[in-house]
2 protein chains.
Amino acid sequence: MKRLRYYCDFDDDIARPLLDLPGRTVDVARGTDLVVAGENPGHGFIVETGWAIRCTYLSDGRRQVLNVLMPGDIFDLQVFVSGEADHTVTAVTDMTVKTFRPDHPLALFHSHGKLGQALWWTAVQEEAILREQIVRNGRRNASERIAHFLLEMHRRALIVNEGDGAGFRLPLTQSVIGDALGLTAIHVNRILMKFRDRQLIARSGQWIELLDRDGLVALCDFDPSYLRLDSFPRRLSLAVQGNGSKGNGQTDRSPL
Amino acid sequence: MKRLRYYCDFDDDIARPLLDLPGRTVDVARGTDLVVAGENPGHGFIVETGWAIRCTYLSDGRRQVLNVLMPGDIFDLQVFVSGEADHTVTAVTDMTVKTFRPDHPLALFHSHGKLGQALWWTAVQEEAILREQIVRNGRRNASERIAHFLLEMHRRALIVNEGDGAGFRLPLTQSVIGDALGLTAIHVNRILMKFRDRQLIARSGQWIELLDRDGLVALCDFDPSYLRLDSFPRRLSLAVQGNGSKGNGQTDRSPL
DNA sequence: CGCAGAATTGACGATCGTCAAGGGCTGTGG
DNA sequence: CCACAGCCCTTGACGATCGTCAATTCTGCG
């Protein structure tokens with residue numbers, strides 16, 4: 001796998017302790033739940049390939065997508081301190097994920113300063129993305145939300161080589177987008193059609209082309225600084241990635 | 001000040017390194033911005049008394065309240081890794097806050113294992129509250145949002161002795177509540193009136209009485225587990241609190 | 001007492017959801 | 001290679017929720 005780095009200023013040696021944790025690499029089929037709310041997964045995950053969504057279900061079935069996970073993302077860091085997962089993680093494409101299981105909660109923090117620092121940084125970035133999600137859904141209308149969401153996905157997809165300058169692959173149904181943005185799939189469709197009519201975007205299959213990126217940015221006042229792509233160790237996992245299969249974790253294709 | 005503890009299983013000695021950091025105790029007037037988006041505060045905060053809100057402003061003035069801060073809350077932990085604040089923190093009542101300034105980013109993590117663990121735990125809890133906020137605003141209607149919000153505030157106020165069994169002090173205007181829940185102040189008012197008509201709540205001044213807590217819980221399917229009140233070190237700051245003025249930080253009433 | 005900010009109320013309208021139906025794409029199996 | 005099934009996208013009509021605008025009342029405080 002291609003090695004990914006993006007504004008990452010620490011060596012793989014720093015991430016080594018994480019890679020050396022017991023864990024394995026697993027293939028997961030689209031639609032599989034990697035983590036189920038209320039259960040204790042017992043290990044964390046690093047996405048190697050494929051996309052997933054983290055979501056919460058209300059008792060009547062309403063769904064809220066909290067975040068989209070793509071290659072390079074680490075999740076369930078809370079495994080370091082507890083506990084039951086409070087949300088579900090579902091694969092939306094076929095995936096390969098690496099699991100890791102800390103022998104003792106937070107042991108990594110004690111013995112490996114720089115790794116702890118990187119993990120902390122990851123959590124801070126994660127939180128910033130969640131906050132932006134709150135603003136987007138709380139104070140923006142449907143068009144602004146969708147434009148903003150597309151721009152975020154594009155930016156993040158670029159980093160993990162799922163797109164080129166103007167276009168990217170977005171393997172999410174309009175239903176998922178709606179559940180992320182607090183809208184119905186039907187309304188998402190209406191807005192996307194409008195964007196297409198206005199030559200802002202074009203779509204063929206899962207490929208989205210941002211025909212008028214500036215127009216979208218203006219529409220929603222997009223400011224990507226919350227993604228913190230210009231800051232310290234962009235994502236711990238980006239440094240980790242591509243090393244996991246070089247002899248550390250044994251690949252294991254059995255189900256989780 | 002009364003010493004607050006709530007499911008907290010570590011000694012003050014663990015928090016000592018945090019308390020010993022350079023910092024001071026400051027009085028802040030209602031309406032003051034403690035942190036301004038885009039600036040680097042250079043230190044973290046612990047709320048001793050009073051309430052604050054964290055919020056983001058869009059360029060046209062729309063405001064989204066991200067979270068409500070009450071006594072015992074720590075904020076701007078991101079000071080450990082960077083950087084510019086991406087949101088504003090404003091006092092909504094007169095406050096007393098303690099500041100702390102790490103001499104070196106994450107030094108606390110390296111030298112004080114248990115403190116690092118507690119800080120990590122705090123961040124995890126913080127994130128859970130943000131996620132719940134996303135669900136609330138994304139997939140609940142106005143009545144459900146307000147009922148859910150009131151129940152969360154009640155629960156959190158109880159812990160810091162700002163309420164009794166059924167009632168609590170809520171020093172937030174309907175405008176702030178609206179900006180937290182993605183509604184207008186006027187619509188918040190309509191719903192609160194409806195709740196009052198239905199004998200779900202009563203209000204006199206800033207005091208809210210939950211006349212029919214079960215009714216509210218049923219209305220919004222409230223499940224408080226996301227607050228993680230039953231888990232490990234509830235809030236680092238609760239252990240810290242009440243110690244800060246015993247000889248560590250010198251009280252300082254000058255403006256920030 | 002009088003001011004400022006907050007709460008309250010009503011009329012009206014826009015955005016977005018709901019319901020319903022049709023069309024297209026893809027994978028699978030005969 | 002075609003047929004079919006299932007999922008997703010698309011479109012339209014209608015209605016409810018919630019926002020906007022405007023005016024009045026209440027409350028705390030100087």
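Just so you know, these numbers use all the heavy atoms, side chains as well, and skip hydrogens, waters and symmetry mates. What you see is a predicted model, and the numbers here were worked out from it, not measured in a lab. Letters go in sequence order (proteins before strands), and every chain restarts at 1.
- Look at CG on B/L192: it is 11 Å from P on C/dT9, rounded to the nearest Å.
- Set against D/dC18, C/dA7, D/dT10, the side chain of B/L183 has D/dC18 as its closest nucleotide.
- In this model, no donor atom of one side chain and acceptor atom of the other lie less than 3.5 Å apart for B/E84 and B/N40.
- Contact annotation for A/R196: backbone-only contact, meaning every heavy-atom pair under 4.0 Å involves sugar-phosphate atoms and none involves a base.
- Here C/dG17 is the nucleotide among C/dG17, D/dC9, C/dT8 with the atom lying nearest to any side-chain atom of A/T184.
- For the 3.5 Å distance criterion, the side chains of B/H187 and B/R190 qualify, holding a donor opposite an acceptor.
- No more than 12 heavy atoms of other residues, nucleotides or ligands shown are found within 6.0 angstrom of CZ on B/R30.
- As rounded to whole Å, 13 Å separates atom C1' of C/dC16 from atom CG of A/L181.
- Here the C1' atom of nucleotide D/dT10 and the NE2 atom of A/H187 are 15 Å apart, to the nearest Å.
- Not less than 6.0 angstrom separates the ring centroid of B/H43 from the ring centroid of B/F75.
- B/I186 comes within contact range of at least one nucleobase, with a heavy-atom separation under 4.0 Å.
- Computed from coordinates, the B/I191 CD1 to D/dT17 C1' distance equals 9 Å when rounded to whole Å.
- Counting non-hydrogen atoms under 4.0 angstrom, B/R203 reaches the backbone sugars and phosphates but no base.
- As rounded to whole Å, 11 Å separates atom C1' of D/dC18 from atom CZ of A/R139.
- Nucleotide D/dT20 holds its C1' atom 15 Å from the CG atom of A/N141, rounded to whole Å.
- Aromatic ring orientation, B/H154 versus B/F168: tilted (interplanar angle from 30° to 60°).
- Among the nucleotides D/dC8, C/dT8, C/dT18, the one closest to any side-chain atom of B/N189 is C/dT8.
- Among the protein residues, A/G182 comes within range of the sugar-phosphate backbone only, with heavy atoms under 4.0 Å from sugar or phosphate atoms but none that close to a base.
- Comparing A/R190 and A/G205 by the nucleotide of DNA chain C whose heavy atom lies nearest to each, the residue mapping closer to the 5' end is A/R190.
- The interatomic distance linking A/K194 (NZ) with D/dG12 (C1') rounds to 18 Å, in whole Å.
- When each of D/dT10, C/dC16, D/dC8 is scored by its nearest atom to the side-chain atoms of A/T173, the top-ranked nucleotide is D/dC8.
- Between B/D60 atom CG and D/dT20 atom P there is a gap of 11 Å when expressed in whole angstrom units.
- The shortest distance between the side-chain N/O atoms of A/Q174 and the OP1/OP2 oxygens of D/dC7 is not below 4.0 Å.
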